[in-house]
**Q** 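Quick one: the structure is below, questions incoming.
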Amino acid sequence: MKNEEVARLLREMGDLLELQGENGFKVVAYRRAARSVESMKTDLEEVSRQGGLESIPGVGKAIAAKIDEYLKTGKIESRERLFRETPPGMAEMLSISGLGPKTVSMLHQKLGVSTIAELEAAAREHRVRRLPRMGPTSEKNILRGIERWKKRSERIPLGVALPIAEEILGRLQKVTGIENLSLAGSLRRGMETVGDIDILATSSSPEAAIRAFVELPRVEEVLMKGATKASVIVDETVQVDLRIVDHRSFGTVIQYFTGSKEHNVKLRSLALSKGYSLSEYSLTRVADGEELFFGREEDLYRHLGMEWIPPEIREDRGEVEAALSGRLPRLVEVSDIRGDLHVHTDWSDGLHTMEEMVSTAQGFGYEYMAFCDHSHGLAIANGLAAERLFEKMELIAGLNDQVEGFSILVGTEVEIRADGRLDYPNEVLEGCDVVVASVHSSYHQREREMTNRIISAMESEHVDIIGHPTGRKIGEREAYEVDLERVLEAAARTGTAMEINAHPSRLDLNDRWSRRAKELGVKLAINTDAHSTCGLSAMEYGVKTARRGWLEKGDVLNAFGLRELLSHLGRG
DNA sequence: GCCGTTTTCGGCCCGACTGTTTTCAGTCG
């Protein structure tokens, strides 16, 4: 599919047009078209053959012609021209925070600066401060912006952002006058990575709240601080924004700042069709200009004729339509989780004993847990030879007699070998209550090979769950080449569950594929893959991902009670 | 550049904050 490439080119053209001082709406138009093309499910070439490019939202005559030109010739003449007129390094300068198109073009015109490196040199030589509307402070800010840009990390993993956010929320909670303290943005939506941390609150004394915020011990730099909002940097690169907002508008404000942008666009146009204009401050009746205020998000959604939509699914992927017709899913919650079906102990590469893991799990109120240590083929993780697994089974039987109201299940995380065979013979697998099968080797197989490999594991009657089905590690390692659509079809056919591995660096399956699995009638197991007692608390990340995938309690294997689970696994 | 069941022209979000000014332009979300 050429869609992604076309989206990239359009977005780039938007940047270049902006640098040339083009009309801002034109710039936005290119970016909208890029987003639209990116989110399409059908191949652009197919759409173009049918003559339907202009039916893509945000794509009109002019952009359709450019897309067509690209599909036919492999390039876009007007883009080439933009590139000839604007040095390529300039677009990159826009990614320095504080620098916008106006400043970048001025720097280029007056100082001949066209790369970040040249800008840094100019600022160090104090050539920037002599320009109009520039001064020593802006010069210093540019240098700081460049420093941050140099050590910028990519997006922040949920597993990093959420603990930071919770610590900050905990401290702000104690500040006098603060109320309605809440996360917003992509973190509230539970995305697997976030750009920054957005916090909203109301307060009887905004100044005190802002002061307390910028003075938090974790804060390393204050980017800006006003009467009602402030931005700071914590942990070297993580930006945290706090906004103190008006009590009576809190509902519309938090709706607005939670996003996603796409969801908000949909909601605003829906409001318009009902005669209202929706802003972050109020819902205004167009007819007479009367403003309606909402202190609670729930009331805003209700006023627009729909149920309150959980933040995790606010992506304009059908949730507004579902809410309007009262067909929203009842998303699974952490409190629905009855156990963990993929946990390691010190028998293989885990840190803690079975007893320690059990007592932590009991603390979560779980009913059961499956110990799935590695099989012997994974020697690096001290995988268990069959004899040691048998030995462990006996020990588990003894432990089960000792604990009350809790069941320890015998499990294994068995290797799916490169040829698709499993690492234990059937006689061994038969003795297990839960078999998770995973790929940990030969990652670089071709897509066909890898897909067949996983499917042949699923065809074993003993395999219950495919562990971390794509092998990706966020920001570290790409997923292996695998045709997930075929894998999920096979899962539906063989009754095999897919794992949502809750480890924050995995979240595998991700939200989209989890939803696809559900559509195909495949069950999912949200497992922590914990290698220590603290690892068990990753469940919340997995549940967020499941919620983003529209999963309900009934879709999740480990939301089943023990009896129901065992009968589903064919062990009841 | 896109869009239209109030429109084929005139709209497209706008308020907070900063650094520079001495009343405001530029950036951000």
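Here is how names work: the chains are called A, B, and so on, in the same order as the sequence lines, proteins then strands, and each is numbered from 1.
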**Q** For Leu278(A) and dC14(B), what is the distance between atoms CG and P respectively, to the nearest whole Å?
**A** 13 Å
**Q** Less than 3.5 Å apart, which donor and acceptor atoms pair up between the side chains of residues 131-138 of chain A and the rest of the protein, not counting sequence neighbours?
**A**
| from | atom 1 | to | atom 2 | distance (Å) |
| --- | --- | --- | --- | --- |
| Ser138(A) | OG | Gly135(A) | N | 2.9 |
| Ser138(A) | OG | Gly135(A) | O | 3.3 |

**Q** If we take the C1' atom in both dC3(B) and dT8(B), what is their distance in whole Å?
**A** 9 Å
**Q** Could you check whether Glu552(A) pairs with Lys518(A) (Lys NZ or Arg NE/NH1/NH2 to Asp/Glu carboxylate O, under 4.0 Å)?
**A** yes
**Q** Please tabulate, for the side chains in residues 159-182 of chain A, all donor-acceptor contacts under 3.5 angstrom to protein atoms that are two or more places apart in sequence or on a different chain.
**A**
| from | atom 1 | to | atom 2 | distance (Å) |
| --- | --- | --- | --- | --- |
| Glu167(A) | OE2 | Arg218(A) | NH1 | 3.1 |
| Asn180(A) | ND2 | Thr202(A) | OG1 | 3.0 |

**Q** Could you state the atom-to-atom distance from CD1 of Ile96(A) to P of dT18(B) in whole Å?
**A** 20 Å
**Q** Expected output is a numbered-order residue list: members of residues 129-137 of chain A with a heavy atom under 4.0 Å from any atom of DNA chain B. What is it?
**A** Arg133(A), Met134(A), Gly135(A), Pro136(A), Thr137(A)
**Q** Across the strands shown, which category fits Ser273(A) at heavy-atom distances under 4.0 angstrom: base, sugar-phosphate, nothing?
**A** nothing
**Q** What pairs of residues pass the salt bridge (charged side-chain N to carboxylate O under 4.0 Å, His left out) test when at least one of them lies in residues 190-210 of chain A, not counting sequence neighbours?
**A** Glu192(A)-Arg472(A)
**Q** Any side-chain N or O of Asn141(A) under 4.0 Å from OP1/OP2 of dT18(B)?
**A** no
**Q** Between the side chains of His263(A) and Glu319(A), does any donor sit under 3.5 Å from an acceptor?
**A** yes
**Q** Say we look at dT21(B) and dC14(B): how far apart would their P atoms be, to the nearest angstrom?
**A** 30 Å
**Q** Extract all donor-acceptor atom pairs below 3.5 Å that involve side chains of residues 90-99 of chain A and protein atoms in other chains or at least two apart in sequence.
**A**
| from | atom 1 | to | atom 2 | distance (Å) |
| --- | --- | --- | --- | --- |
| Ser95(A) | OG | Glu92(A) | O | 2.5 |
| Ser95(A) | OG | Trp149(A) | NE1 | 3.3 |
| Ser97(A) | OG | Arg148(A) | NH2 | 3.4 |

**Q** Any chance you could measure Glu499(A), atom CD, to Arg506(A), atom CZ, to the nearest 0.5 Å?
**A** 8.5 Å
**Q** How far does CD1 of Ile156(A) sit from CD1 of Ile197(A), to the nearest 0.5 angstrom?
**A** 6.0 Å
**Q** Where does dT21(B) fall, syn or anti, if syn means a chi angle no more than 90° from 0?
**A** anti
**Q** Check whether the ring centres of His303(A) and Tyr276(A) lie less than 6.0 Å apart, and answer yes or no.
**A** yes
**Q** Please work out which residues in residues 98-112 of chain A have a non-hydrogen atom less than 4.0 Å from an atom of DNA chain B and list them by number.
**A** Gly98(A), Leu99(A), Gly100(A), Pro101(A), Lys102(A), Thr103(A)
**Q** Rounded to the nearest 0.5 Å, how far does CZ of Arg188(A) lie from CD1 of Ile199(A)?
**A** 13.0 Å
**Q** Rounding to a whole Å, what distance do you find between Leu19(A):CG and dT27(B):C1'?
**A** 14 Å
**Q** Going by side-chain hydrogen bond (donor to acceptor under 3.5 Å, both in side chains), name the residues that satisfy it together with Arg516(A), two or more places apart in sequence or in a different chain.
**A** Glu485(A), Glu519(A)
**Q** Could you tell me whether the side chains of Glu12(A) and Tyr30(A) share a donor-acceptor contact shorter than 3.5 Å?
**A** no
**Q** Any pair with a residue in residues 252-263 of chain A that passes salt bridge (charged side-chain N to carboxylate O under 4.0 Å, His left out), sequence neighbours left out, goes on the list, sorted by first then second residue, please.
**A** Arg35(A)-Glu262(A)
**Q** Between Arg189(A) and Glu312(A), is there a side-chain N and carboxylate O pair less than 4.0 Å apart?
**A** no
**Q** Is the closest side-chain donor-acceptor distance between Asn501(A) and Asp529(A) under 3.5 Å?
**A** yes
**Q** Distance alone, cut at 3.5 Å: any donor-acceptor contact between the side chains of Asp241(A) and Gln239(A)?
**A** yes
**Q** Encode nucleotides 6-13 of chain B as B, S and - characters from 5' to 3', where the letter depends on protein heavy atoms closer than 4.0 Å: B to the base, S only to sugar-phosphate, - to neither.
**A** B-----BB
**Q** Short of 4.0 Å, heavy atom to strand atom, which residues of residues 191-230 of chain A count as contacting DNA chain B?
**A** Met224(A), Lys225(A), Gly226(A), Ala227(A), Thr228(A), Lys229(A)
**Q** Checking all strands, does Lys66(A) fall into the base, sugar-phosphate, or nothing category for heavy-atom contacts under 4.0 angstrom?
**A** sugar-phosphate
**Q** Write out a two-atom table: protein N or O, nucleotide N or O from nucleotides 3-5 of chain B, distance below 3.5 Å.
**A**
| from | atom 1 | to | atom 2 | distance (Å) |
| --- | --- | --- | --- | --- |
| dC3(B) | OP1 | Gly58(A) | N | 2.6 |

**Q** In whole Å, measure the gap between the P atoms of dC2(B) and dT6(B) for me.
**A** 23 Å
**Q** Take atom P in dT20(B) and the same atom in dA16(B), then report the distance between them in whole Å.
**A** 22 Å
**Q** I'd like to check the salt bridge (Lys or Arg N to Asp or Glu O under 4.0 Å) partners of Arg515(A); sequence neighbours left out, ordered by chain and number.
**A** none
**Q** According to the Watson-Crick and G-U wobble definitions, with both distances under 3.5 Å, which nucleotide is paired to dC2(B)?
**A** dG11(B)
